[in-house]
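The next block holds one structure in the form of structure tokens; read it before the comments.
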Amino acid sequence: VSGKRFRVLIADDVSPECMALFEGDDRFEVIQDKLRGEALLKAIGGFDGLIVRSGCKVTAEVLAQATRLRAVVRAGVGVDNIDTAEATRRGILVMNTPAGNTISTAEHAMTLLLATARSIPRADRSVRAGTWKKPGFLGVELRGKVLGVIGLGKVGREVARRAKGFEMEILGFDPMVNDDFARQLGVKLAELDEIFAKADFITVHVPLTPKTKGLIDAEVMNRLKPGVRLINCARGGVIDQAALIEALKDGRVAAAALDVYESEPLAADHPLTGLDNIVLTPHLGASTQEAQENVGIMSGRQIKAYLLQGEIENSINTVSLDAQEVARIEPYVKLMHSIGGLQAQLLDGKLQRIRVLFAGAEFADGGARRRKALVLSALEGFFRHYLNAPVNRVSVMHFAKEHGIDIDEAKSTDSGGFENLVTLEVETDAGRRIVSGALFGANRPRIVMIDGYTMDAVPEGIALLFRNDDRPGMLGIVGQVLGQAGVNIANVSMGRDMSGGTALAFMNIDSEPNAVLRAALEALEGVPWLRIATL
Ligand code: 3PG
């Protein structure tokens, strides 16, 4: 193999189908090892990619040691075990595999729902203990009961669909879902208060956020329909554990089932384990052959595609782009990166605002992801010159925001006669500089305008830019000074505002001028402005 090998660590029980994707591919070295604590801190610096489930905690401390790491994939949905903000700051891509375990989790919710309705685990324990006491196990039917589904995302929807099959009446809460969509699902949308008051069963399907933490807490427990049954196979803490224990003890909540906990693993002597009217499973929602195969394969594919081709799928902290789109916009990505770099090196004054303008069919409606990727590329090219932190398309937006710089993107109808045109406007307290670029042919990037001067400059290598009085011989004078210093000119492109006015030249030169040559160029009469940029 030419080039380096990518090293990937699989740090949880991810299905063997994931590992199998790398077998025989000598571009990769993959190690599966549930490293934790010191061992993880010591080893992580040697990996380009990391695949985890919920077991491995990818903390800021771990990421600080992950000097080579480019991507983390969560083989599953929840990324609460990954410090995504820190990964973003470090330019590490975080992805998940959201579609892979939806059905398994929804089926687990149904399993728990039925288990609480008919006290299945307790009945099982009683038979094993040699008792045969039917009266203690009088259950309830699901038919005709009200099920509150809090969160109608992928899993919540599947739960609602399945519960319809049991002839339950479904009340759903999700601020992102509209009435039409809910109606198609057979769900009646309701406010939380209505669900709390009316539901016989409540199942939660929301991520853990500051808003959803303790969504059902001690105060809400008092407002629930007496005898309600509660299910949580989403994230621990959405139903407050301490409040749940109290409500289960005094019967306000008839039964509950938890698959997830405020702290995992749940300690064997935790007060929850002493209660008889609760079903406890060890975070098994996604633990089926099918789900694990799905998420294992997806995570392996995603990390491979990113490390090899820069293809991004299911990104948590940047824009996702598939292989086709990556290939399609590659020349523009390079062009934008160069324009960003050029703008940074021409900057005068204090940076205030960066604006990216797109014109042409390539960037019209439907091209939102492509535009976003190009904005990130321009910013990456720009901020590379100012920050010594790792700047890439994952981290750059964070840096821009942190520095209080307004970034904005717009579509324009004026493509200046080109098929597609990209423009980067940079505004400082000293004024605004505008640089536009286009592709000549399929993939020859050119800078076609700088501050109103048209040109067709090659955005490559070392560029000498200068403004000069538009009079005969000026280019010759500059050429002579360069020639005397042994600096060769590769390309020249010029634009002028009007005959006899001012011209702007963009010269590609083969070597970087030293300080003496630079001073000589800057001292030339009739050359009021001169810059050197490396693209
Ligand atoms: C998820 O977020 O995908 C589920 O909670 C599954 O977690 P697991 O992969 O640790 O089983």
Side-chain angles (χ1 to χ4, degrees), residues 8-19 21 32-36 40 49-59 62 71-84 87 94-113 149-159 203-209 211-213 215 230-239 241 257-266 279-303 313-317 320:
V8 176
L9 174 66
I10 305 177
D12 271 317
D13 289 322
V14 175
S15 78
E17 280 83 2
C18 176
M19 185 63 124
L21 287 175
Q32 184 152 17
D33 193 344
K34 286 158 80 175
L35 297 174
R36 298 291 180 266
L40 179 62
L50 174 64
I51 300 178
V52 297
R53 284 175 64 186
S54 59
C56 181
K57 310 291 176 227
V58 189
T59 59
V62 171
V72 182
V73 188
R74 162 48 158 132
V77 180
V79 288
D80 25 12
N81 54 318
I82 302 168
D83 190 334
T84 317
V94 180
M95 297 173 268
N96 67 354
T97 56
N101 59 26
T102 306
I103 299 300
S104 291
T105 309
E107 288 184 1
H108 197 58
M110 292 309 294
T111 309
L112 294 179
L113 194 78
V149 181
I150 300 181
L152 290 166
K154 287 195 184 65
V155 178
R157 288 169 202 182
E158 294 304 332
V159 169
T203 180
V204 294
H205 297 286
V206 292
L208 185 70
T209 66
K211 250 186 153 160
T212 62
K213 189 168 189 288
L215 186 86
L230 302 178
I231 319 295
N232 184 4
C233 55
R235 274 298 174 271
V238 174
I239 300 178
Q241 277 179 198
L258 299 183
D259 185 45
V260 288
Y261 305 89
E262 287 171 10
S263 166
E264 295 179 15
L266 187 74
V279 183
L280 306 171
T281 54
H283 202 145
L284 292 182
S287 292
T288 62
Q289 272 178 21
E290 293 82 355
Q292 285 313 307
E293 203 177 298
N294 287 341
V295 300
I297 292 172
M298 286 165 97
S299 50
R301 281 196 186 140
Q302 285 175 211
I303 210 141
E313 211 180 325
N314 299 321
S315 165
I316 299 291
N317 57 354
S320 297

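When a ligand or atom number is given, it counts from 1 through the structure's own listing order. When reading the values below, keep in mind they use all heavy atoms of this one structure, side chains included, and skip hydrogens, waters and symmetry mates.
Scanning the protein for heavy atoms near atom 6 (C) of ligand 1, the closest one is A286 CB, 3.5 Å. Of the protein's heavy atoms, V77 N, 2.6 Å lies nearest to atom 3 (O) of ligand 1. With hydrogens left out, the protein atom closest to atom 7 (O) of ligand 1 is R74 NH2, 3.0 Å, a heavy atom.
Here the side chains of I51 and V8 are in contact, with some heavy-atom distance below 4.5 Å. Looking only at side-chain heavy atoms (C-beta outward), L9 and L40 come within less than 4.5 Å of each other. Side-chain atoms of K213 and L208, non-hydrogen and from C-beta on, do get closer than 4.5 Å to each other. Looking only at side-chain heavy atoms (C-beta outward), V159 and H205 come within less than 4.5 Å of each other. Residues E313 and M298 fail the side-chain proximity criterion, which asks for heavy atoms closer than 4.5 Å. V77 places none of its side-chain heavy atoms less than 4.5 Å from the side chain of K154.
Every atom of ligand 1 is numbered from 1 in the order shown, and the set under 4.0 Å from a heavy atom of S54 is 7 (O), 8 (P), 10 (O). Short contacts between ligand 1 and G78, defined as distances under 4.0 Å to a heavy atom of the residue, involve ligand atoms 1 (C), 2 (O), 3 (O). Those atoms of ligand 1 with a heavy atom of G76 less than 4.0 angstrom away are 3 (O).
Close N/O approach between R235 and ligand 1 is found [any backbone or side-chain N/O within under 3.5 Å]. Among the atoms of R53, some N or O lies under 3.5 angstrom from an N or O of ligand 1. The N/O atoms of G55, backbone and side chain alike, include none that comes under 3.5 Å of an N/O atom in ligand 1.
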Could you walk me through whether T281 and D259 pass side chain to side chain donor-acceptor pair (under 3.5 Å), step by step? CA-CA 5 Å; T281 54; D259 185 45; 2.6 Å; yes
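Remark: K34 engages D13 in a side-chain hydrogen bond (donor to acceptor under 3.5 Å, both in side chains) (not counting sequence neighbours).
Contacts with ligand 1 closer than 4.0 Å are made by side-chain heavy atoms of N101 only, the backbone lying farther away.
For atom 4 (C) of ligand 1, the nearest non-hydrogen atom from the set E264, Q292, H283, H108 comes from H283.
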